[in-house]
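Whatever order the structure lists ligands and atoms in, that order sets their numbers, starting from 1.
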Amino acid sequence: MVRRAKKALARGGKRFFEKALFAGRRLLVERNLDPARDSVIISWATYSPWLQDAEFRSCHAAIRSHTLVDVYRCWELWHLLGQVRAVPGDVLEVGTWRGGTGALLASRAGGLGLGAEIVLCDTFTGVVKTGAQDKGYRGGEHADTALPVVQELLRRLGLANVRVLQGIFPEDTGGSAADRTFRLCHIDVDAYRSAKDVLDWVWPRLATGGVVVFDDFGFASTAGIAQLVHEQERRTDLVCVQNLNGHAVFVKTAG
Ligand SMILES: C[S@@+](CC[C@H](N)C(=O)[O-])C[C@H]1O[C@@H](n2cnc3c(N)ncnc32)[C@H](O)[C@@H]1O
């Protein structure tokens, strides 16, 4: 009985991976990707710490309809903010859309008792500064949001430690946070130029030991972010973690 169940499970698992691999190959063809350089990553890793963290699960359930970011990356943001709890400074997110990851970070900061302000920035009119590197974007994507959508989420979750800035960052809104130090910056802007401008702005304001998390790292539609990370990762003032879940992380090692 047990042996039969095990066999059925193995057959089911094999079929699942075959299907996933087939879908992956189709994706490569559809997106005109080079199989010598790109593959769809299917991991056998099983460790899933978010399943056991009641505080995370409850927060994630409340924000999941307001985010485009999957649970793995949400968990990583949650965990990383805990990792930098001894680093001084506020938290910056550029690319807030409907507020999901921003509210997650604010909720985590509150739970940790950081006393940090969470600064959330978005145009609320969609992606800007697209260029030749950003093949999946033309500008204006993700405009299906508005400032009150984020404000309502923050109100519903009782998050008061947050400031929301509307406009292009850093040109329109950077000035009102220019005197701050940050411990974590989440860059989720989809386009090379925007991401580079945010990185250049935040780096001198990032405390040593602080982290910059690049969303969009490793996706075909946001190849400009991978380009930016590759250009910067050999700097001597940081350690780069190429996390193949869609994040790259810079840890600032020198002031
Ligand atoms: C993928 S969405 C962000 C997703 C969000 N973090 C979530 O939880 O789902 C990207 C957002 O970046 C914003 N954006 C892109 N470049 C920007 C810039 N330079 N300044 C402000 N917002 C920007 C867009 O308006 C868009 O809402």
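For ligand 1, the atoms sitting less than 4.0 Å from at least one non-hydrogen atom of Val128 are 16 (N), 17 (C), 18 (C), 19 (N), numbered in the order shown with element in parentheses. Atoms of ligand 1 lying under 4.0 Å from at least one heavy atom of Gly126, given by number and element, are 24 (C), 25 (O). The ligand atoms of ligand 1 that sit less than 4.0 angstrom from a heavy atom of Ile168 are 19 (N), 20 (N). Within ligand 1, counting atoms from 1 as listed, the ones closer than 4.0 Å to a heavy atom of Ser194 are 16 (N), 17 (C), 18 (C), 19 (N). Close approach of ligand 1 to Thr96 is summarised as follows: ligand atoms under 4.0 Å from at least one heavy atom of the residue are 5 (C). Listed by atom number, the atoms of ligand 1 under 4.0 Å from Trp97 heavy atoms are 2 (S), 3 (C), 4 (C), 5 (C), 9 (O), 27 (O).
For Glu141, no nitrogen or oxygen atom sits less than 3.5 Å from a nitrogen or oxygen atom of ligand 1, counting backbone and side chain alike. Backbone and side-chain nitrogen or oxygen atoms of Leu68 are examined, and one is located within less than 3.5 angstrom of a nitrogen or oxygen of ligand 1. Among the atoms of Gly95, some N or O lies under 3.5 angstrom from an N or O of ligand 1.
When the heavy atoms of Thr130, Val189, Val94, Ile63 are ranked by distance to atom 15 (C) of ligand 1, first place goes to Val189.
Under 4.0 angstrom from ligand 1, the non-hydrogen atoms of Asp190 all belong to its side chain.
Under a 4.0 angstrom heavy-atom cut-off, Gly167 registers as being in contact with ligand 1.
Here the shortest heavy-atom pairing between Trp201 and Pro170 reads CD1-CB, 3.5 Å.
Between Glu93 and Thr101, the side chains place a donor N or O and an acceptor N or O closer than 3.5 Å (distance only, hydrogens not considered).
Figure legend: cation-pi geometry between Arg73 and Trp78 absent, as NZ or CZ is not positioned both under 6.0 Å from the six-membered ring centre and within 45° of its axis.
Shown here are the side-chain contact (heavy atoms from CB on, under 4.5 Å) partners of Asp38, two or more places apart in sequence or in another chain: Leu28, Leu33. Arg163 is linked by a side chain to side chain donor-acceptor pair (under 3.5 Å) to Glu117, counting only residues two or more places apart in sequence or in another chain.
Nearest protein heavy-atom neighbour of atom 25 (O) of ligand 1: Asp122 OD1, 2.6 Å.
If you look at Phe124 and Trp97, their ring centroids are not closer than 6.0 Å.
Val162 and Leu104 fall within a single hydrophobic cluster, where Ile, Leu, Val, Met, Phe, Trp and Tyr side chains are chained together by heavy-atom contacts under 4.5 Å. Under a hydrophobic-cluster definition in which Ile, Leu, Val, Met, Phe, Trp and Tyr are linked whenever side-chain heavy atoms come within less than 4.5 Å, directly or via other members, Val40 and Phe219 are assigned to different clusters.
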